[in-house]
Engineer: 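Got a structure for you, questions after.
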Amino acid sequence: MRMSRFFLRTLRNVGEEIESVSHQLCLRAGLIQMVSSGHYNFLPLGLRVLRKAENIVRQEMDAIGSQETVMVQMMNKELLEESGRWDAFGPVLFKLRNRNGHELCLGPTHEEPVTFMARAFVQSYKDLPVILYQIANKMRDEPRARGGLLRAREFVMKDAYSFEADEQSLDNTYNAMREAYFKIFARCGIKTMIIEADTGAMGGKSSNEFMVVSDIGEDNIIICDSCNKAMNQEMAPFDKTFNVYSETSEAAPEKVHTPDIKTIGDLAAFLKVRPEQCLKHVMYNADGALVIAIVRGDLEVNDVKLTNRIKCTDLDFAAAEDLAAAGIAAGFASPIGVSESIRVILDDSVIMGNAYVCGANEKDYHMKNIVPGRDFPKHVEIADIAMAAAGHKCAKCDDLLRVEKGIELGHIFKLGTRYSVAMNANFTDEDGREKPMIMGCYGIGVTRLIAAAIEQHHDDNGIIWPKQIAPFQVHVIQVGKKNPELDAAADALYQEMLDAGFETLYDDRNESPGVKFNDADLIGIPVRLVVSARTMKDNVVEMKLRGEADRSTPPREGIANTVRAALDALA
RNA sequence: CGGGAAGUGGCGCAGUCCGGUUAGCGCGCGUGCCUUGGGCGCACGAGGCCGCGGGUUCAAAUCCCGCCUUCCCGACCA
């Protein structure tokens with residue numbers, strides 16, 4: 001591609017408010033253009049990268065026997081109602097109506113359409129297992145788009161779905177997928193780590209996420225180095241036997257005046273006790289019902305664990321009016337005396353201890369000597385609803401946990417029969433009985449992967465593309481005042497690169513060397529070749545690898561082989 | 001959803017407090033000359049419903065009200 005004809009304009013600067021490096025470089029290098037918040041046009045240069053990544057994904061999916069499809073982008077309400085997700089997705093769904101007033105949504109993920117396909121065409125165990133996938137746009141009305149391609153409302157995802165006759169078959173597919181994912185990320189030049197994850201809104205059993213460790217990541221990864229194990233903070237268990245305040249007390253509850261003391265920190269300081277001697281109450285609105293979550297004062301409530309425990313779809317903090325109506329004093333809350341109709345979830349850390357400070361359900365008063373087993377109402381439920389954090393103890397060994405931020409690039413689930421049961425996707429087994437298909441689902445954020453690759457591979461001057469997803473392999477630059485002789489030499493080199501099968505970008509513009517070199521660094525193509533009066537005189541070509549500082553001047557003769565060897569040597 | 005900040009040629013910004021020349025600057029763009037190993041120089045030029053709507057005023061980019069859009073922070077407070 002001749003740059004003089006290429007639909008590309010690099011930018012010298014972008015707005016100061018654009019913080020993440022990948023976002024800046026995507027814009028400056030002319031990969032993408034924002035149309036509105038969370039929605040991006042892919043420019044020709046960016047599309048080349050996207051296609052590279054997609055093809056790597058496609059090859060590895062095909063290699064394990066997955067079959068590519070393209071599914072509907074617009075899903076009718078009835079389809080999502082079969083699984084219950086029309087409502088469960090909530091505000092994330094982009095909803096619209098057709099001319100008949102029929103309700104539709106833009107696909108945020110495709111379990112329903114793929115199950116629709118499978119139930120129509122899979123009849124017998126002989127048809128199983130089958131893996132279907134697509135590489136397509138996903139539309140989600142994210143509460144807050146950010147970071148350019150890192151979190152967009154419209155993004156490219158590879159989503160694969162497997163249908164199995166039994167658990168063993170699911171395990172086989174799951175393992176094959178996991179291996180395929182390792183290959184995909186490695187081929188894209190991205191270092192990832194696999195962690196254990198929550199299954200979230202998708203439902204299902206076990207799942208793993210593939211994370212890129214990065215400061216701009218939005219997920220917290222809890223890591224135990226001794227166990228060599230990593231988990232998403234959303235579901236990470238931990239050993240709560242530290243900080244237990246186990247001093248027993250036979251004393252009766254005692255009301256204490258705590259004027260305007262609402263936070264655990266203030267309360268502990270005021271009463272000269274430790275935070276872990278206090279109980280932290282967080283009141284939630286779970287699908288319209290008031291729920292009280294209680295954890296030890298030194299811990300935090302984990303929303304995801306709580307959501308899973310109470311099996312709600314929509315969890316939010318309770319409104320002040322709801323608290324007042326239930327007779328709960330905000331800041332001085334207690335489950336004592338509340339209606340049995342209000343669920344109270346007590347973190348299991350609490351019952352390890354004994355006497356606590358708790359709210360009195362009366363403004364400016366707390367209670368001392370509260371022993372949950374003795375004083376709390378009988379309907380409290382005990383569960384793990386606390387958030388693991390750095391410095392907490394590992395659930396399996398004595399080591400302390402640490403935390404890294406991560407970008408989620410891939411997620412694989414063992415779904416089980418959640419969708420097949422809901423949607424009647426059955427098959428006839430060897431024994432002649434009808435059974436629901438067992439499912440797995442496997443996603444990769446392809447556009448996010450591009451952003452993550454840039455986060456991992458750049459310097460002050462621009463992107464340093466891993467060769468497998470680079471938009472071009474070779475960048476030929478003509479340096480020096482244009483003249484017929486130089487033009488001919490540069491054209492010839494360009495043509496030779498094309499003939500040798502290299503995807504080649506050719507800077508034939510009438511620009512100063514500085515402009516060309518800076519654009520080359522910004523765009524980040526692995527091999528740069530310069531043709532100038534100098535190189536012509538010596539009958540050489542100047543070659544520089546984007547990821548290395550040194551240049552070389554191999555002979556002009558046989559340059560295609562030299563370039564091939566250089567590319568082959570790159571990781 | 002809450003809290004901040006911002007919308008001015010294609011891009012990045014100043015001007016707005018304190019209303020009053022022809023709305024500036026850098027980059028980019030066009031033409032010509034010049035230059036050609038790290039975002040070159042000179043000259044001339046084109047390009048603006050100052051986010052949208054309403055109001056105040058002799059007069060609004062500037063003041064007031066409403067709306068829209070975008071960015072950042074918080075989503076953990078009981």
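We name chains A, B, ... by the order of the sequence lines, and we start the count at 1 in each one.
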Engineer: Check A/Arg309 with A/Glu381, please: is the shortest side-chain N to carboxylate O separation under 4.0 Å?
Structural biologist: yes
Engineer: Thinking salt bridges, do A/Arg2 and A/Asp491 make one under a 4.0 Å N-O criterion?
Structural biologist: yes
Engineer: A/Asp303 CG to B/C76 C1': how many Å, rounded?
Structural biologist: 7 Å
Engineer: So which one's nearest nucleotide on RNA chain B is more toward 5', A/Glu511 or A/Leu323?
Structural biologist: A/Glu511
Engineer: Expressed in whole Å, how much space separates the P atoms belonging to B/G12 and B/U70?
Structural biologist: 15 Å
Engineer: To the nearest Å, give me how far apart CZ (A/Arg534) and P (B/G37) are.
Structural biologist: 7 Å
Engineer: Taking the basic N atoms (NZ, or NE/NH1/NH2) and the acidic carboxylate oxygens, is any pair closer than 4.0 Å for A/Glu276 and A/Lys240?
Structural biologist: no
Engineer: Any donor and acceptor pair, going by atom type alone, linking the side chain of A/Lys544 with main-chain N or O of A/Val530 inside 3.5 Å?
Structural biologist: no
Engineer: Using whole Å, report how far CD of A/Glu218 lies from P of B/C76.
Structural biologist: 16 Å
Engineer: When you compare B/C40 with B/G30, how far apart are their P atoms, in angstrom units rounded to a whole number?
Structural biologist: 15 Å
Engineer: Can you say whether the rings of A/Tyr40 and A/His23 are parallel (under 30°), tilted (30 to 60°) or perpendicular (over 60°)?
Structural biologist: perpendicular
Engineer: Provide the Watson-Crick or G-U wobble partner of B/A60, both distances under 3.5 Å; none if there is no partner.
Structural biologist: none
Engineer: Take atom C1' in B/A59 and the same atom in B/G20, then report the distance between them in whole Å.
Structural biologist: 7 Å
Engineer: Rounded to whole angstrom units, what separation is found between the NZ atom of A/Lys516 and the C1' atom of B/C40?
Structural biologist: 14 Å
Engineer: Give, for atom OG of A/Ser334 and atom CD1 of A/Ile292, the distance between the pair rounded to the nearest 0.5 Å.
Structural biologist: 7.5 Å
Engineer: Kindly state which residues belonging to residues 479-492 of chain A come within less than 4.0 angstrom of RNA chain B, counting heavy atoms of the residue only, listed by number.
Structural biologist: A/Val479, A/Gly480, A/Lys481
Engineer: Could one point to a donor on the side chain of A/Ser532 or the base of B/G37 with an acceptor on the other under 3.5 Å away?
Structural biologist: yes
Engineer: Rounding to an integer number of Å, can you tell me how far A/Ile523 CD1 sits from B/G38 P?
Structural biologist: 19 Å
Engineer: Under the side chain to side chain contact (heavy atoms under 4.5 Å, CB included) rule, what do A/Val295 and A/Ile385 come out as? Steps first, then yes or no, please.
Structural biologist: CA-CA 8 Å; A/Val295 297; A/Ile385 56 166; 4.1 Å; yes
Engineer: Under a 3.5 Å cut-off for both contacts, is B/C71 paired Watson-Crick or G-U wobble with anything, and if yes, with which nucleotide?
Structural biologist: B/G4
Engineer: Determine which pairs satisfy ring pair (Phe, Tyr, Trp, His ring centres under 6.0 Å) with at least one residue from residues 262-293 of chain A, sequence neighbours left out, and list them in order.
Structural biologist: A/Tyr284-A/Phe317
Engineer: Could you tell me whether A/Glu340 and A/Lys378 make a salt bridge, using a distance below 4.0 angstrom between a side-chain N and a carboxylate O?
Structural biologist: no
Engineer: Base, sugar-phosphate, or nothing for A/Arg551, non-hydrogen atoms under 4.0 angstrom?
Structural biologist: base
Engineer: Measure the acute angle between the ring planes of A/Tyr365 and A/His257, then classify it against the limits of 30° and 60° as parallel, tilted or perpendicular.
Structural biologist: tilted
Engineer: Only distances under 3.5 Å count here; give the side-chain donor-acceptor pairs of residues 323-331 of chain A to other protein atoms, sequence neighbours excluded, each with its distance to 0.1 Å.
Structural biologist:
none

Engineer: Answer with base, sugar-phosphate or nothing: what part of the nucleic acid does A/Thr535 contact at a heavy-atom distance below 4.0 Å?
Structural biologist: base
Engineer: Rounded to the nearest angstrom, tell me the gap between atom CZ in A/Phe517 and atom P in B/G37.
Structural biologist: 9 Å
Engineer: Name the nucleic acid region contacted by A/Ala318, choosing base, sugar-phosphate or nothing; use a 4.0 angstrom heavy-atom cut-off, strictly under.
Structural biologist: base
Engineer: Which nucleotide wins on minimum distance to the side chain of A/Pro513, given the candidates B/U36, B/G39, B/A78?
Structural biologist: B/U36
Engineer: Check A/Arg546 with A/Asp459, please: is the shortest side-chain N to carboxylate O separation under 4.0 Å?
Structural biologist: yes
Engineer: Distance between the P atoms of B/G26 and B/A46, in whole angstroms?
Structural biologist: 16 Å
Engineer: Between N or O atoms, less than 3.5 Å apart, protein on one side and nucleotides 23-28 of chain B on the other: list the pairs.
Structural biologist:
from, atom 1, to, atom 2, distance (Å)
B/G28, OP1, A/Arg12, NH2, 3.1

Engineer: Does any nucleotide pair with B/U16 by Watson-Crick or G-U wobble geometry, both distances under 3.5 Å, and what is it?
Structural biologist: none
Engineer: Only pairs with both distances under 3.5 Å count, Watson-Crick or wobble alike; so what is the partner of B/U31 in this structure?
Structural biologist: B/A43
Engineer: Judged by each residue's nearest nucleotide on RNA chain B, which is more toward the 5′ side, A/His281 or A/Leu522?
Structural biologist: A/Leu522
Engineer: Please list all pairs passing the ring pair (Phe, Tyr, Trp, His ring centres under 6.0 Å) test where one or both residues lie in residues 321-345 of chain A, with sequence neighbours left out.
Structural biologist: A/Phe332-A/His366
Engineer: In whole angstrom, what separates A/Leu529's CG from B/G37's P?
Structural biologist: 19 Å
Engineer: Tell whether A/Arg28 reaches the base of B/G12 with its side chain through a donor-acceptor pair below 3.5 angstrom.
Structural biologist: no
Engineer: Between B/C42 and B/C27, how many Å separate the two P atoms, rounded to a whole number?
Structural biologist: 9 Å
Engineer: Each nucleotide N or O in nucleotides 71-75 of chain B that has a protein N or O under 3.5 Å away: list the pair and distance.
Structural biologist:
from, atom 1, to, atom 2, distance (Å)
B/C71, OP1, A/Ser37, OG, 3.4
B/C71, OP2, A/Ser37, OG, 2.8
B/C73, OP2, A/Arg144, NH2, 2.1

Engineer: If B/G66 has a Watson-Crick or G-U wobble mate with both distances under 3.5 Å, name it; if not, just say none.
Structural biologist: B/C52
Engineer: What's the gap between B/U16 and B/G7 when it is taken at their P atoms, as a whole Å value?
Structural biologist: 12 Å
Engineer: Pick base, sugar-phosphate or nothing for A/Asp316, based on heavy-atom distances below 4.0 Å to the nucleic acid.
Structural biologist: nothing
Engineer: Say you pick atom P in B/G55 and the same atom in B/C71; how far apart are they, in whole Å?
Structural biologist: 32 Å
Engineer: In whole Å, measure the gap between the P atoms of B/G24 and B/C50 for me.
Structural biologist: 14 Å
Engineer: Does this structure show an ion pair linking A/Arg296 with A/Asp347, if we count only N-O contacts that are shorter than 4.0 Å?
Structural biologist: no
